[in-house]
Amino acid sequence: LNAWNMYPKKRLSQNFLADQSITRMIVARSKIAEDDVILEIGAGLGALTIPAARAAKKLYAVEKDARLISLLRTELTAAQVSNVEIMEKNILDIDIVKLADDFEQDSFIVMGNLPYNISSQILIGLIRSRKVVSRAIVMFQKELAKRLVAEPGCKEYGRITAMLRYCSDISILTDVDFRKFYPRPGVDSQVLDIRFKPTDKYMVKDEEFLFKVIKAAFGQRRKTLRNALAGSELKIDTKLSGQVLDECGIDPSRRAETLDVEEFVKLGNYMFSAMETIRSPNILV
């Protein structure tokens, strides 16, 4: 960075890994295979890009900061890495399913050190793109990582946690000390291995609607489920929310963080049926 007269941009949440042994360890623990294709979010200076590309068949590196592209190309050339394709884009503007189709790829392994301010948006995008994303090996600030692996019933358990538990298995790959970054972020980080899995066993009537119900339940998490659902974008009243909760055997006075995945699926299915009935009532002639 000094050689190129560049400085990290705070508005982009740029904290670069300054210890290459950490990135080599992440790649080793990830067990990347030689036929894997990686989609890296936020390639930066190539600290993770280079060891990951050496282990994989191909790596597509997404980098939003145009200043870093030439520097990244120089680093790749110096490391004699030739299987990397750089895309100067914002990951939030990329349709990952379309990208896989354009590049004729069956699936990606997503890797990256995710910016704190858009981590949730990226995760939701990965969940919705999981038919072409087999795994996500991603680094978060430890505070957020703790929420993502939280169990139902604790305050850390939230909307994204419930969505991930529905469609993936999550494990902790490693911790990363804050002193390993430049500039130092002030908090430690954690690398999670998110492995997407089939959801057929849940027999969900409408997945997008299920996600809306989860969002509504956590939208006002201090409120009871009956009131949280009624005060949400679902546009239902407390009578209907209470009725549906009673029908599916969930106490209306409970709060969202107490529900496990199976209960959310049951609630989503019952709510979907109830609202279908409202939209298409039986009319006797």
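Both Val97 and Phe108 are assigned to one and the same hydrophobic cluster, defined by single-linkage of ILVMFWY side chains at heavy-atom distances under 4.5 Å. Following chains of ILVMFWY side-chain contacts shorter than 4.5 Å, one cannot reach Tyr116 starting from Val187, and the two form parts of different hydrophobic clusters.
Taking Arg128 as the reference, Ile124, Glu208, Phe211 meet the side chain to side chain contact (heavy atoms under 4.5 Å, CB included) condition, with sequence neighbours excluded. Here Ser107 pairs with nothing under the side chain to side chain donor-acceptor pair (under 3.5 Å) rule; sequence neighbours left out.
Each of Ile236, Asp206, Val244 was evaluated against Met275; a single residue qualifies, Ile236, per the side-chain contact (heavy atoms from CB on, under 4.5 Å) test. When each of Lys212, Lys131, Arg130 is checked for a salt bridge (charged side-chain N to carboxylate O under 4.0 Å, His left out) with Glu207, only Arg130 meets the rule. The only member of Tyr270, Phe272, Phe264 that meets ring pair (Phe, Tyr, Trp, His ring centres under 6.0 Å) when paired with Phe209 is Phe272.
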For Glu262 and Tyr202, run side chain to side chain contact (heavy atoms under 4.5 Å, CB included): C-alpha distance rounded to whole Å, both residues' side-chain angles, the deciding distance at 0.1 Å, then the answer.
CA-CA 7 Å; Glu262 287 77 11; Tyr202 293 118; 3.7 Å; yes
May I have the step-by-step check of side chain to side chain contact (heavy atoms under 4.5 Å, CB included) for Tyr60 and Leu99, ending in yes or no?
CA-CA 10 Å; Tyr60 296 96; Leu99 188 71; 5.5 Å; no
Salt bridge (charged side-chain N to carboxylate O under 4.0 Å, His left out) for Asp237 and Lys239? Distances and angles first, verdict last.
CA-CA 5 Å; Asp237 57 24; Lys239 180 180 179 181; over 6 Å; no
CA sep, side-chain torsions, deciding dist, call: Glu40, Val84, side chain to side chain contact (heavy atoms under 4.5 Å, CB included):
CA-CA 10 Å; Glu40 185 187 7; Val84 174; over 6 Å; no
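One finds the CG atom of Leu39 at 5.0 Å from the CD1 atom of Ile91 (value rounded to the nearest 0.5 Å). The CZ atom of Arg135 sits 12.0 Å away from the CG atom of Leu192 when rounded to the nearest 0.5 Å. Taking NZ of Lys64 as the reference point, atom CD1 of Ile69 lies at 12.5 Å (rounded to 0.5 Å). With values rounded to the nearest 0.5 angstrom, Leu114 atom CG is found 4.5 Å from Ile122 atom CD1. Atoms CG and CD, from Leu245 and Glu247 in turn, are 9.5 Å apart once rounded to the nearest 0.5 Å. Here the OG1-CG distance, from Thr258 to Asp251, works out to 8.5 Å after rounding to the nearest 0.5 Å.
Under 4.0 Å is where a charged nitrogen must lie from a carboxylate oxygen, and between Lys205 and Glu276 no such pair does.
Side-chain atoms of Asn83 come within 3.5 Å of backbone N or O of Ala53 as a donor-acceptor pair. In this structure, Lys266 contributes its side chain and Cys248 its backbone to a donor-acceptor pair below 3.5 Å. In this structure, the side chain of Asp36 engages the main chain of Ala33 through a donor-acceptor pair within 3.5 Å. In this structure, Arg226 contributes its side chain and Ser253 its backbone to no donor-acceptor pair below 3.5 Å. A donor-acceptor pair under 3.5 Å is formed between the side chain of Arg165 and the backbone N or O of Ala150.
When all heavy atoms of Leu173 and Ile26 are compared, the closest pair comes out as CD2-O, 4.0 Å. Summarising the geometry of Leu68 relative to Gly44, their closest heavy-atom pair is CD1-CA, 3.9 Å, with the distance given to 0.1 Å. Across Tyr157 and Thr161, no two heavy atoms sit closer than the pair CD1-CG2, 3.7 Å.
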